[in-house]
Each structure stands twice: as C-alpha cells, then as structure tokens.
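Everything on this sheet refers to the single structure shown next.
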Amino acid sequence: MRSKNRVVALLAGASMLATSAVVLGATSASAAAPSGGCWVYSVAEGSPVEDTATTGNLSTSLAAWGNNADYNLTTSGGNTVGSSRNFTLTFNTGPTNGGPAASGTVYYYFSVNGTNLPAIEKPFSAPGFGPIPGDTVTGSYAITGSGTNTVKLRKVIYDIPTYTLRVQCNGQTGGVANGVNPATTPVDTNITASFSAVGPAASISGITNQVVTTAARKNDVISFGVTNFSAAGTGTVELCNVSGTSCDATSSSVSIAGDGTGSGTIAVGATPTTGSRTLKVTSGGETSLTPITILGDVTVSTNVVGGGSGTVVTVTGSNWDPNQPVTVGGYKNGPPFPPPASSDATISTTADSAGNISASFTVNDAATAFIGASRTHAAGPPPVVLFGSKAFTFSGDTCTAKQGSAATGSCALLETVELTVVAGDLKMSKDAGKVLMSGVTLDGSDQTSTGDLQDVTVKDYRGGTLGWSLVGRFSGLNGPAKPTGGNFTIAPSALTWTPTCAAQANSDDTVVAGAAGSFADASTDLPLCAVATSGAGADGTSGGDAVADAGLSLEVGSSQAAGNYSGLLTLTLS
C-alpha cells in the first residue's frame, strides 16, 4: 500500500506546476508577482529543508507562483534600535496543483538587510487540480541598526515529507532539469518592504550660562538626554569633531537604562577645541553625534582707530554668547581688567544666534583709549567677564608740541574726514534705430527670418547690492489689411531669441543671460539679462554698465500673406 500511495503522491507532484508559464505582473499598486518561479523535485528522506541536493526533478521547466499571484509584504511596530518590528506577508494564491490533493509543511524564508531570519513554518494543503489557497504569514525581528531596514521574501518551500517531495518557489529565473533551477540555485525574490529605523540620539537640554542649546564655551556644563540605544550600559561622552573621530581629552559617562534612555552632563574643558563640534555618546558599539558650537575668545573690531569728540564708531565682534546682551563702551588706559570706563555713554546690543554683534558707539571723552565690549558670562564667584577691545586715539582741537624752550617734543591732531556717497540711478539706453529682420521671399516652404536687437546698455549706479532684471515681451507682428477686415498677423510664438550679456569695464558683477526660447504669447516675459543680489563683484557692491543683446529668429509660414509687418518688443528693467 505504501508503494502505491507513493506513486500516487509522485504523480500529484509531477502534475503540480507542470505547465510552463511566465511570471505575471502585479494586479494592484500595493502587491506584486514575485520574480522567478517554482520547481518540483524529490529529495533524500530526512534531508534538510534547504538542501540543494535533489534526487530527481519532476519539473521540466520553470512555472509561475500562481495564476495572477499577488504578494504584498508590509511592516509595522517599533522603529527604534532594539525594538521589535513586525512584518506581514499576504498573498492571494499559491502555486497550482495539477494532480490529486497533497499536504505538508510550507516554510517561508525572509531576510533583513541581507541577514537571514529563521524560517516561518505553517501547514498547507494543496487541493486536487487547484491552487493552494492564499494566506497571511506574520513574523517579527529585533531592530539592530538605524537607517533603512529592508525586509525581503527570500523563498518559499512546500515540503511533503511522507513522499520526500518538495516544491520550491524563489527568484531564480532559470529552470533546467539537472541544471540551474530554483531547487539547485535559489535566488531571493523581489518582494520587499522598507522603513527607516531610528538609531541612538542625544539631545542637549541645557547649557550653563547660555540661553541656547547650540553653543557653549570653556568651563560651561552641557546637560543632555539620550534615547534609542539598543541595550543598557554605561556610555562614554566626549566633545569631538563633526565626524566624531577627533575628541578633546575631557570626557564623562552616562548610565543608559534597559529602554535605551539616560541623561547626564559633560563640562567643557578649560582649553577646548573651538568651532563646529559634536557631542558624542558611545555605548555598546553604538554612537550618537549631536552638533554643538564651542565658542572661542570674543573679538571686537572697529571701523576707525581714532577721532575727535563726536566720532561715531561702528563696533562689530564674534564669539559672544548667542542671543544675550553685550555692553559697548569707552575705556581708559588700564589696569585693571577690564580697564576703567571713560565717561562716554555706553550702549547695549544683543548678540545674534551665531554670537555676532554690531553696534554704533559715539566717542566724546578725551580719556577714551579703547572701544570695548563686555559681558558677565558667569556670576561666580569669581565672576567670569568676557571682554574685547580695540585701541582708539582721541584727538582734541589743540595740542602743545614743545613746552617753553624745550628742544624736543611733538604733538598731533586728528582731522576726521567724512564723506557722503549719494546713490545714483538704475537706468538703461538702447542703440538708435529699429530691429530690421532679414527679408523673406515666399517659395511654398516655411522660412526663417533673422535679426538682432539693438544693443541695450543697463547702467546701475546705485552703489548697493540690489541686483536688477531685464526682461522682454513680444506683441507679435501686424501686417497688411485683410479684405474681410483686420490685419494679417504673425503670432508672438513665432519669434525665438538667444540672449547675450556682457559686463563692461566699469563693472565686475556677474551678469547672467536668459535662456534661449520663444515667446509663448503677447503677455509672457522672457529673461534677457540679470544681476542677482548675490552677483556683486569683488568690491562687494553691484554697479556699472552691462550690454544686453539677443539674436532673433522668426518662423514665417509658407502661406503667410505678403506685405510689410511690424510689432513691438518691450524691454522692462526692474
């Protein structure tokens, strides 16, 4: 009886998937037919499910996964390193059995980013002369790395152990008995699902003496929290370069709980590396990098080095505490540090988010020897005062070079020279005359008339960084009168221009020509030339002359009415 049943089972296996077929395309936007196909083969009794050694091939050619098979793989659940991510495979039909009913165990194989997961086993039944019913297969895995995680269906193996018969479906596109086929050379399918996993991260919650969480200076203390580490542990905390490869000697530690969270602090050292840095937290081979700026010594610059009473000084500086007040004032010769203040009225300014200051200060006190800026960074004790200054030479209206009969001595007076530069205008002019297009003689074919704009000179004498734009608009051409009223015309779209622009000797701006193109209609502007606000030359201001021109090409139809045509090409400067 066993021998007879075995023969029946083998016949069922032989007829299963016996018809050669191509893999069909997806029938919905969310599902797809797997690549490759299926293969029926026999194996040695007790051989591992994934054994590629076959004892016979019942298939003679590759067959489809099923009739209009749709396989849809999705993921859900956790999205942080260390959490569990679920995946679900849903399909509408399995391969078709062309013989008597058969049953056994089906094994579904998946991988994540190339790492194989344990097979998922389910019982299956193949009805006689019909398809294996569709099903839903679920599984999960622990997320081990941040970034894109791709779950892939590798293959499906239907096992009938009673009769040592298997059917394997995978991405293998070759199907040759005693050669390359899905059983001997399995290939992963194209059925995938991806999502982005969140890795470990640190966020700065506060910095002593600062009102921002993006900048610190020496001896400030940075408070932070961490999340998404995959396991409990003790993390190492450092201040490093933006790639996390070069770190300061000062470090601290943070305790990370089993849920991947923790909090801690790190003090900026007394001699830190300044500039763009990162807060680096490392635990169990995982690393988070959080950007932070370490401020260097404050700076102060002035636009003048001396002057008399009433001199207005523009004061700028960098590396000040972001978004915090700074006092600008006049100072006498010191010590102490900072030196004693002069009687000039101080002003208060606020550093921007990058720590830069800009203010105008007026000198009146003859004792003013420095223009300085200061801020109490930390109350102490002792207080930490930030201070920067530039020397200033005060000049009165009189001085004594030699006293009495002294043979030596000198004195100097400073004359403050002021100049007001008044902005000029933005204007343009064109060469005299009309635009004359080349004549056309009708000969039964479409023809092209060519010409050139009269050169236009744009003159920007405003002395700013404003930029300008010159555009053109074409009305089309009106020609001879029609017998029925109106005029014959040529549409604006028949004209194509190719702009050219050139800065002249008195300009170092970047002048950009518009793209070649045709006029869509009589109300559409096309760019001819422009100087962007970022196109100022080495002098830092836009200005000077630029010459604009354009080559013109006009398409004239084979049946265009003969006669004279004219129209307007309007150039607008703004």
Counting only heavy atoms not in Asp297, do more than 12 fall under 6.0 Å of its CG?
->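 Counting other residues, nucleotides and ligands, CG of Asp297 stays at 12 neighbours or fewer.
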
Could you give the distance from [atom1] ([X]) to [atom2] ([Y]), rounded to the nearest 0.5 Å?
X	Y	atom1	atom2	result
Asn209	Asp220	CG	CG	5.0 Å
Asn57	Asn178	CG	CG	5.5 Å
Cys38	Arg166	SG	CZ	15.5 Å
Asp321	Thr350	CG	OG1	12.0 Å
Thr213	Ile204	OG1	CD1	6.0 Å
Thr541	Asp509	OG1	CG	7.5 Å

Are [X] and [Y] close enough that some pair of their side-chain heavy atoms sits under 4.5 Å apart?
X	Y	value
Arg85	Val112	no
Val298	Trp320	yes
Thr227	Thr261	yes
Val281	Phe229	yes
Asn113	Asn149	yes
Lys280	Ile266	no
Pro527	Val512	no
Pro131	Thr96	yes

Which atoms form the tightest heavy-atom contact between [X] and [Y], and what is the distance?
X	Y	value
Thr250	Ala267	CG2-O, 3.3 Å
Pro95	Ala64	CB-O, 4.4 Å
Ala270	Lys218	O-CD, 3.4 Å
Val531	Ser542	CG1-CB, 4.5 Å
Pro34	Trp65	CB-CE2, 3.4 Å
Pro123	Val106	O-CG1, 4.4 Å

Between [X] (side chain) and [Y] (backbone), is there a donor-acceptor pair under 3.5 Å?
X	Y	answer
Thr208	Val221	yes
Ser42	Gly56	yes
Glu286	Ser230	yes
Ser59	Val40	yes
Arg217	Gly296	yes
Asn170	Pro182	yes
Thr278	Asn241	yes
Thr80	Asn228	no
Thr189	Leu153	yes
Ser252	Thr265	yes

Please work out which of the three classes, parallel, tilted or perpendicular, describes the rings of Tyr141 and Phe195, given edges at 30° and 60°.
->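 Rings of Phe195 and Tyr141: tilted, 30 to 60°.
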
Begin from the C-alpha positions of Thr299 and Ser318 and carry the test side chain to side chain donor-acceptor pair (under 3.5 Å) through to its verdict.
-> CA-CA 5 Å; Thr299 69; Ser318 61; 2.7 Å; yes

Among Trp39, Tyr158, Tyr41, Tyr107, find the residue that satisfies the side-chain hydrogen bond (donor to acceptor under 3.5 Å, both in side chains) test when tested with Gln168.
->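 Single side-chain hydrogen bond (donor to acceptor under 3.5 Å, both in side chains) partner of Gln168 among Trp39, Tyr158, Tyr41, Tyr107: Tyr41.
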
Please lay out, stage by stage, how Thr273 and Asp248 fare under the test side chain to side chain donor-acceptor pair (under 3.5 Å).
-> CA-CA 7 Å; Thr273 304; Asp248 292 346; 3.0 Å; yes

Mind running side chain to side chain contact (heavy atoms under 4.5 Å, CB included) on Phe224 and Thr290 for me, showing each step along the way?
-> CA-CA 10 Å; Phe224 62 90; Thr290 305; over 6 Å; no

Run the numbers on Asn190 and Tyr71 for side chain to side chain contact (heavy atoms under 4.5 Å, CB included), then give the verdict.
-> CA-CA 10 Å; Asn190 61 316; Tyr71 281 64; over 6 Å; no

Residue pair Thr150 / Ser194, side-chain donor-acceptor N/O under 3.5 Å =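 There is such a pair (donor and acceptor under 3.5 Å, judged by atom type) between the side chains of Thr150 and Ser194.
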
Name the one of Tyr108, Phe87, Tyr109 that satisfies side-chain contact (heavy atoms from CB on, under 4.5 Å) with Leu117?
-> Phe87

Determine, stepwise, if the pair Leu89 / Ile120 fulfils side chain to side chain contact (heavy atoms under 4.5 Å, CB included).
-> CA-CA 11 Å; Leu89 174 68; Ile120 299 174; over 6 Å; no

Show your reasoning for whether side chain to side chain contact (heavy atoms under 4.5 Å, CB included) applies to His377 and Gln324.
-> CA-CA 10 Å; His377 173 69; Gln324 300 207 61; 5.7 Å; no

